[in-house]
Novice: 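Pasting in a structure now, in structure tokens, and then I'll have a few things to ask.
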Amino acid sequence: MKIKRFVAKSMRDAIRQVRDEQGPDAVILSNRRVPGGVEVVAATDYDAALAQQALRQHAAHEPQPPPPPPQTPPEKPRRSTATQRPTEAAAPAAQQAATAPPPSELAQMQRELGSMRRLLEEQLAGLQWNELKRNQPQRVAVLRALDKLGLSADLARAIADEVPPSVEGEAARLLPASLLARRIPIGPQDPILDGGVIALVGPTGVGKTTTIAKLAARFARHNRARDIALVTLDHYRIGAQEQLFSYGRLLGVPVHSVAPDQDLGAVLEQLSDRRLVLVDTAGMSQRDHTLGQQIDRLRSLGPRLHSYVVLAANASGTDEVVRRFAPLQPAGCVLTKLDEATSIGAPLSAVIGQALPLSYVAHGQRVPEDLHLAHADRLVLCAVQLARATTQVVDDDSLARRYSNPSSSPAASIHA
Ligand SMILES: Nc1nc2c(ncn2[C@@H]2O[C@H](COP(=O)(O)OP(=O)(O)OP(=O)(O)O)[C@@H](O)[C@H]2O)c(=O)[nH]1
Ligand SMILES: [Mg+2]
């Protein structure tokens, strides 16, 4: 086994040096920052035991920080403490460490192995990506375009798999978009018009109350205002109820406030003559521990209550939100704040991944004008337009990390 130390300005340069000098089978044994760049120790004809030994020798020649003072004095000093030298006291510990490393050393070794693993994975991902660029440039172009939409890597990969390699040119550019549109689950047309009890749930500030007002106004266009009732369960924030009451006044629709200890089922019973009851809930973060109580309360009403998750297109973590509200078995979702989004790939990936039907989209604050039925083609067009408007360039390293799979490579077997 040949071990050599390389110093370069950046990790990429160091790896290039290793590859040039030691060939593609070289193994990175360690890496660390040094003044002026990074140091990489690499080996050919890798032998794990020899490598560890060589690394220890290498480390022994490095300047070491002074050893920490001993925590407890030895129980039976061989000599008096006054005459004992520190090196002698440390000798048995060093012997022990050589055979069974203490936890701190083990943790350090694990960290180093972890960083070696990441480094190798990055290297392999880069190689795989370059190979893909050479052999399947069309697939790379499709992945690049889908990635720019902000879709999850899994979804982008699945769509790219559907594009036949024979498809080229304009068709290759348009096909992924239509394959994406085909995957977007769209709910039944304008479900609000069927009436029933509908609760809007979702994180704070995503537009639940505003959407309730928009939906009520939409329903009132085709029905009488007195066919509608609004219910608020939001007892958490000052002003939250007032917001719904003022919408109720504007629309001429009664608003009922139901406290946490009140029987929601009984209130809904009293409102059974209303064709549409819209229930506004308190916004809760998907990580709020009281969210479970809110979900249980709504679930206890059974199938007569239909929940819709409200997702803000400009917010992060939509996938987690959709998962968190899944126990409610939502009938659909409303995607708001499209007017403020810079990308809608993440919410589209979330609804596709969880098969959550999209029912409405909201493009602004105006009640009721800014609420529309969801259309898959229009959503894809919106995603494409947003991607075109972005100045962010996705570099090859990020694409390689997302779309290569180094763990499937035979070289991965040498990983710790
Ligand atoms: N730009 C934009 N703003 C919106 C949209 N929908 C709602 N808003 C605004 O977002 C803010 C929050 O809306 P709310 O309806 O109060 O949101 P909420 O989910 O009820 O909030 P909490 O009850 O506090 O959880 C308000 O200023 C709304 O006017 C939209 O589609 N686009
Ligand atoms: Mg609200």
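Just so you know, these numbers come straight off a predicted model, no measurement behind them. Whatever order the structure lists them in is the order used to number ligands and atoms, beginning at 1.
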Novice: Counting only nitrogen or oxygen atoms and a 3.5 angstrom limit, does A282 reach ligand 1?
Specialist: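 For ligand 1, there is no N or O atom that lies under 3.5 Å from one belonging to A282.
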Novice: Taking it one step at a time, do L278 and I192 satisfy side-chain contact (heavy atoms from CB on, under 4.5 Å)?
Specialist: CA-CA 9 Å; L278 291 166; I192 201 82; 3.7 Å; yes
Novice: If you measure from each non-hydrogen atom of D234 to ligand 1, which part falls under 4.0 Å: side chain, backbone, both or neither?
Specialist: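 Looking at D234 and ligand 1, just side chain atoms fall under 4.0 Å.
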Novice: Start with the C-alpha gap between Q385 and R388, add the side-chain angles, then the distance that decides, and say whether side chain to side chain donor-acceptor pair (under 3.5 Å) holds.
Specialist: CA-CA 5 Å; Q385 282 169 344; R388 271 194 205 132; over 6 Å; no
Novice: So between T210, T204, V310, whose heavy atom ends up nearest atom 28 (C) of ligand 1?
Specialist: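 Closest candidate by heavy-atom distance is T210.
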Novice: Where do D377 and A181 come nearest, in terms of heavy atoms and distance?
Specialist: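 In this case the closest contact between D377 and A181 is OD1-CB, 3.5 Å.
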Novice: Do ligand 1 and K208 have nitrogen or oxygen atoms that lie under 3.5 Å from each other?
Specialist: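 Yes, at least one N or O pair falls under 3.5 Å.
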Novice: The test is side chain to side chain donor-acceptor pair (under 3.5 Å); show your working for D395 and S398 and say whether it passes.
Specialist: CA-CA 6 Å; D395 60 86; S398 313; 3.1 Å; yes
Novice: Give the intermediate values and the outcome of side chain to side chain donor-acceptor pair (under 3.5 Å) for residues E112 and Q108.
Specialist: CA-CA 6 Å; E112 279 178 14; Q108 171 68 14; 2.9 Å; yes
Novice: Run the side-chain contact (heavy atoms from CB on, under 4.5 Å) test on N223 and I228 for me, step by step, so that the C-alpha distance in whole Å, both residues' side-chain angles and the decisive distance to 0.1 Å come before the verdict.
Specialist: CA-CA 9 Å; N223 299 274; I228 313 172; 5.9 Å; no
Novice: In terms of residue, atom name and distance, what is the protein heavy atom nearest to atom 17 (O) of ligand 1?
Specialist: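 Nearest protein contact, heavy atoms only, for atom 17 (O) of ligand 1 is G207 N, 3.0 Å.
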Novice: Which protein non-hydrogen atom lies closest to atom 26 (C) of ligand 1, naming both residue and atom, and how far is it?
Specialist: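 The protein heavy atom lying closest is Q365 NE2, 4.1 Å.
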Novice: Considering the heavy atoms of A362, write down every atom of ligand 1 situated less than 4.0 Å from one of them.
Specialist: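 Counting atoms of ligand 1 from 1, those under 4.0 Å from A362 are 31 (O).
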Novice: Quick check: closest heavy atoms across L358 and L335, and the distance to 0.1 Å?
Specialist: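 Taking every non-hydrogen atom into account, CD2-CB, 3.8 Å.
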Novice: Starting from atom 5 (C) of ligand 1, find the nearest protein heavy-atom neighbour and note its residue, name and distance.
Specialist: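 Here the nearest protein heavy atom works out to G364 O, 3.6 Å.
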Novice: Are D234 and T232 close enough, and set up right, to give a side chain to side chain donor-acceptor pair (under 3.5 Å), and what steps lead you there?
Specialist: CA-CA 5 Å; D234 194 346; T232 174; 5.5 Å; no
Novice: In Å and rounded to the nearest 0.5 Å, what is the CD1 to CZ distance from I159 to R183?
Specialist: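 Between atom CD1 of I159 and atom CZ of R183 there are 5.5 Å.
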Novice: May I ask you to check whether E340 has an N/O atom sitting below 3.5 Å from an N/O atom of ligand 1?
Specialist: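 Min N/O separation from ligand 1 is below 3.5 Å for E340.
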Novice: Run down the list H363, M284, K337, Q243 and name the one with the heavy atom closest to atom 11 (C) of ligand 1.
Specialist: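 Selected option, by shortest heavy-atom distance: K337.
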Novice: Among all protein heavy atoms, pick the one closest to atom 24 (O) of ligand 1 and tell me residue, atom and distance.
Specialist: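 It is R237 NH1, 2.7 Å.
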Novice: For ligand 1, does T209 get within less than 4.0 Å through its side chain, its backbone, both, or neither, judged by non-hydrogen atoms?
Specialist: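 Both the backbone and the side chain of T209 come within reach of ligand 1.
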Novice: Would you check, one step at a time, whether the test side-chain contact (heavy atoms from CB on, under 4.5 Å) holds for L143 with W129?
Specialist: CA-CA 11 Å; L143 283 172; W129 181 248; 4.1 Å; yes
Novice: Return the closest protein heavy atom for atom 12 (C) of ligand 1 as residue, atom name and distance.
Specialist: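 Protein heavy atom at minimum distance: G205 O, 3.8 Å.
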Novice: Quick check: does T210 have an N/O/S atom under 2.8 Å of the Mg ion (ligand 2)?
Specialist: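 Of the N, O and S atoms in T210, none lies under 2.8 Å from the Mg ion (ligand 2), which means no.
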Novice: When only distance counts, is L338 in polar contact with ligand 1, meaning an N/O pair under 3.5 Å?
Specialist: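 Between L338 and ligand 1 (N or O atoms, distance only) the closest approach is not under 3.5 Å.
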Novice: For ligand 1, which atoms sit closer than 4.0 Å to a heavy atom of G283?
Specialist: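 Reading through ligand 1 atom by atom, the close ones are 25 (O).
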Novice: For atom 32 (N) of ligand 1, what is the nearest protein heavy atom, given as residue, atom name and distance?
Specialist: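 Looking at atom 32 (N) of ligand 1, the protein heavy atom closest to it is D339 OD1, 2.9 Å.
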Novice: Which distance, rounded to the nearest 0.5 Å, do you find between the NE2 of H363 and the SG of C382?
Specialist: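 Atom-to-atom, H363:NE2 and C382:SG are 7.0 Å apart.
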